[in-house]
Visitor: 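Got a structure for you, written out below as structure tokens; questions coming shortly.
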Amino acid sequence: MSIEVALHNTPLAQEHIALGAKMVGFSGWNMPLQYEGILAEWEYNRKTCSIFDCSHMGEFIVHGCAIDSGLDRIVTQRIVDMPVKTCRYGAMLNEQGGVIDDLIVYRKALQEWMIVVNASNIEKNAKHFRERLTSKAVFEDISFETAKLDIQGPLSRDILKIFVPDIVELKYYTFDEFVLLGGKCLISRTGYTGEMGYEIYCPWEKSKELWQRILKNDKVRPTGLGVRDVLRIEMCYSLYGHELEETISPLDAGLDKFIDFEKNFIGKDVLLKQKSLGMNRRASCFTSDSRRSPRAGHKIFDEQGHIIGEVTSGTFSPALQMGVGLGFIETLSDNIGKKIFFGDEKNKATGKIIKRPFYKDGSLKH
Amino acid sequence: MDIMDHYLYTKEHEWINIEDNIGTMGITDYAQSALGDITYVELPQQDQEVEQFEQFVSVESVKAASDIFCPMSGRIIEVNDKLEETPALINKDCYGKGWIAKIEIKDLDETSNLMSAEDYRSYLESLDH
């Protein structure tokens with residue numbers, strides 16, 4: 001017997017199909033993998049402008065004071081001193097110090113927060129929030145009424161400016177509410193591609209008109225989850241389910257700078273213990289010496305043929321024109337420049353550990 | 001999907017074009033379209049002996065790697081080394097410039113294990129349902 005679970009559709013599913021997208025199931029959602037092809041879509045993102053439907057991602061609202069609501073204890077990043085209209089990246093951990101999810105906290109007002117989480121974890125995270133927030137917090141899951149469109153690429157500001165002239169004022173990792181097509185939208189200067197870009201949060205029912213209007217500009221092309229993964233790997237950004245998991249410590253994953261050890265948070269005692277014992281593996285990135293690409297699940301070997309780690313994400317990098325990979329390596333030093341092999345026992349290819357990221361020419365902070 | 005009338009096909013979407021007892025081989029339009037942008041081809045060795053339906057090539061697209069199986073037994077006599085620099089030739093022209101290797105066929109009777117263009121077309125239609 002096979003059990004088929006119906007996939008959720010974003011409000012734009014029919015738009016994707018009409019544009020000829022190849023659709024795939026991703027984290028319980030029916031999503032566009034690619035339209036024209038991953039390499040063509042990579043060009044639009046890195047050289048002009050691209051738009052992603054990320055309405056599958058989760059959004060929560062928490063009303064309450066940072067400390068009294070319990071929010072500050074749930075997330076690893078420092079939030080008490082965040083200015084209103086800024087965002088901060090971090091994670092939430094379980095009692096064992098493993099990563100339940102990575103997330104971005106938006107401070108909408110002194111006592112109003114929006115938390116953006118991964119699609120695969122919406123239910124799990126909502127449960128965690130409901131259990132861990134105090135009676136002084138009001139929690140709302142607005143995931144299924146909030147669409148999210150990501151406009152990313154060096155021309156993203158010039159294009160969004162046509163709709164929202166004030167967008168030019170928005171600095172990296174800040175946000176504001178703007179009037180867009182007659183309705184209110186929250187727009188942040190954030191993204192997951194390494195290019196200058198914006199994430200637009202708008203009501204579900206507004207998203208179709210917005211999507212169509214933005215795509216009328218011939219400098220913008222739709223881009224799918226396939227290229228999104230390539231772009232984030234080129235930037236060495238972690239993806240939940242690959243570099244981050246409930247069994248992975250955020251210290252191993254290299255999230256140190258998104259953890260505030262001066263405050264209390266769930267999982268902190270375990271992380272302190274790990275710190276005092278010393279880490280025994282390290283998130284690393286490496287290039288292939290050829291176009292042959294590492295793949296998630298490949299083993300990493302040293303020159304003597306010993307297994308020293310595992311690949312968590314891999315792809316062909318259009319920017320470098322070679323294979324690139326992310327993975328964990330059992331080591332204490334950073335090993336920059338070290339020669340490695342990736343693959344399986346029978347078939348290995350050579351590569352080299354390098355300093356992150358792979359792609360250094362992005363327009364991210366222009 | 002493009003299918004060449006006089007070629008023979010495997011269920012794994014490889015093609016072979018036989019002239020005398022030399023076969024030119026590659027992957028079909030259906031296969032290249034399913035794989036997406038091809039970024040790397042691990043070619044067989046010159047003079048390598050291969051069995052029918054044995055894996056002899058590996059093709060990588062941006063996000064995945066796939067095994068390619070040899071349509072017939074024999075000895076590899078030529079490989080398309082243009083694919084080393086320009087693997088996208090397979091996407092652009094899978095039945096022409098995107099050929100992968102040529103084989104000196106050991107046993108022409110093995111063609112009975114392959115599909116004609118007509119059979120392959122019906123096979124593709126059956127996959128769609």
Side-chain angles (χ1 to χ4, degrees), chain A residues 20-24 26 32-46 223-234 239 242 287-298 311 313-325 342-344 346-351, chain B residues 1-2 13 26-45 48-51 54-70 76 79-94 97-101 124 127-129:
Chain A
K22 197 180 276 185
M23 303 294 284
V24 287
F26 175 81
L33 176 71
Q34 62 177 63
Y35 303 82
E36 200 172 317
I38 291 178
L39 295 180
E41 291 168 36
W42 182 92
E43 293 276 330
Y44 303 135
N45 178 275
R46 293 270 185 247
T223 41
L225 291 183
V227 74
R228 192 171 167 82
D229 196 49
V230 173
L231 295 161
R232 70 97 192 163
I233 293 173
E234 286 188 333
L239 174 64
H242 291 257
T287 52
S288 165
D289 293 338
S290 72
R291 298 175 67 97
R292 192 169 152 194
S293 305
R295 307 291 173 185
H298 275 171
V311 178
S313 294
T315 185
F316 175 78
S317 162
L320 303 188
Q321 289 289 305
M322 57 173 75
V324 298
F342 63 87
D344 55 36
K346 283 192 293 196
N347 197 351
K348 299 185 186 78
T350 58
Chain B
M1 289 295 158
D2 259 5
H13 310 286
I27 64 171
T28 66
D29 193 27
Y30 178 91
Q32 72 77 21
S33 162
L35 286 166
D37 294 317
I38 292 168
T39 52
Y40 174 77
V41 184
E42 190 174 6
L43 293 164
Q45 301 290 319
Q48 185 181 331
E49 296 279 346
V50 195
E51 293 293 313
E54 182 191 346
Q55 189 229 320
F56 78 130
V57 167
S58 152
V59 168
E60 295 191 4
S61 60
V62 181
K63 293 307 303 166
S66 303
D67 291 341
I68 307 300
F69 302 93
C70 197
I76 301 294
V79 297
N80 183 3
D81 47 24
K82 288 207 173 68
L83 296 178
E84 286 173 4
E85 283 303 311
T86 321
L89 284 174
I90 296 181
N91 295 113
K92 289 195 188 104
D93 186 9
C94 65
K97 288 180 180 150
W99 66 279
I100 292 174
L124 287 187
L127 295 182
D128 283 342
H129 297 297

Visitor: Go through A:Gln34, A:Gln321, A:Lys22 and name the one with the most non-hydrogen pairs under 4.5 angstrom from chain B.
Guide: A:Lys22
Visitor: Tell me yes or no: between the side chains of A:Ser313 and A:Arg295, is some donor less than 3.5 Å from an acceptor?
Guide: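 Their side chains do not contain a donor-acceptor pair, so the 3.5 Å distance test is not met.
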Visitor: Measuring from atom CH2 of B:Trp99 to atom CD1 of B:Ile27, what distance do you get when rounded to the nearest 0.5 angstrom?
Guide: 14.5 Å
Visitor: Out of curiosity, B:Ile68 CD1 to B:His13 NE2, how far, rounded to the nearest 0.5 Å?
Guide: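 So the CD1 of B:Ile68 and the NE2 of B:His13 are separated by 10.0 Å.
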Visitor: Identify which of A:Ser293, A:Gly37, A:Ala296 forms the greatest number of heavy-atom pairs closer than 4.5 Å to chain B.
Guide: A:Ser293
Visitor: Answer with side chain, backbone, both or neither: which region of B:Ala88 has an atom nearer than 4.5 Å to a non-hydrogen atom of chain A?
Guide: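 It is neither, since no heavy atom gets under 4.5 Å.
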Visitor: For a side-chain contact (heavy atoms from CB on, under 4.5 Å) with B:Tyr30, tell me which candidate from B:Leu35, B:Leu124, B:Asp2 qualifies.
Guide: B:Leu124
Visitor: Between A:Ile233 and chain B, with a heavy-atom cut-off of 4.5 Å, which part of the residue counts as in contact: side chain, backbone, both or neither?
Guide: side chain
Visitor: Go through A:Val227, A:Val230, A:Asp229 and name the one with the most non-hydrogen pairs under 4.5 angstrom from chain B.
Guide: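 Of the options given, most contacts go to A:Asp229.
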Visitor: Of the backbone (N, CA, C, O) and the side chain (C-beta and beyond), which part of A:Arg292 lies under 4.5 Å from a heavy atom of chain B, both, or neither?
Guide: both
Visitor: For B:Ser58, is it the side chain, the backbone, both or neither that has a heavy atom under 4.5 Å from a heavy atom of chain A?
Guide: neither
Visitor: What part of B:Glu42 gets closer than 4.5 Å to chain A, counting heavy atoms only: side chain, backbone, both or neither?
Guide: side chain
Visitor: Between B:Thr39 and B:Glu60, does the side chain to side chain donor-acceptor pair (under 3.5 Å) criterion hold? Intermediate values first, please.
Guide: CA-CA 6 Å; B:Thr39 52; B:Glu60 295 191 4; 5.0 Å; no
Visitor: Can you tell me how far apart OG1 (A:Thr223) and CD1 (A:Ile38) are? Round to the nearest 0.5 Å.
Guide: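 One finds 11.0 Å between OG1 of A:Thr223 and CD1 of A:Ile38.
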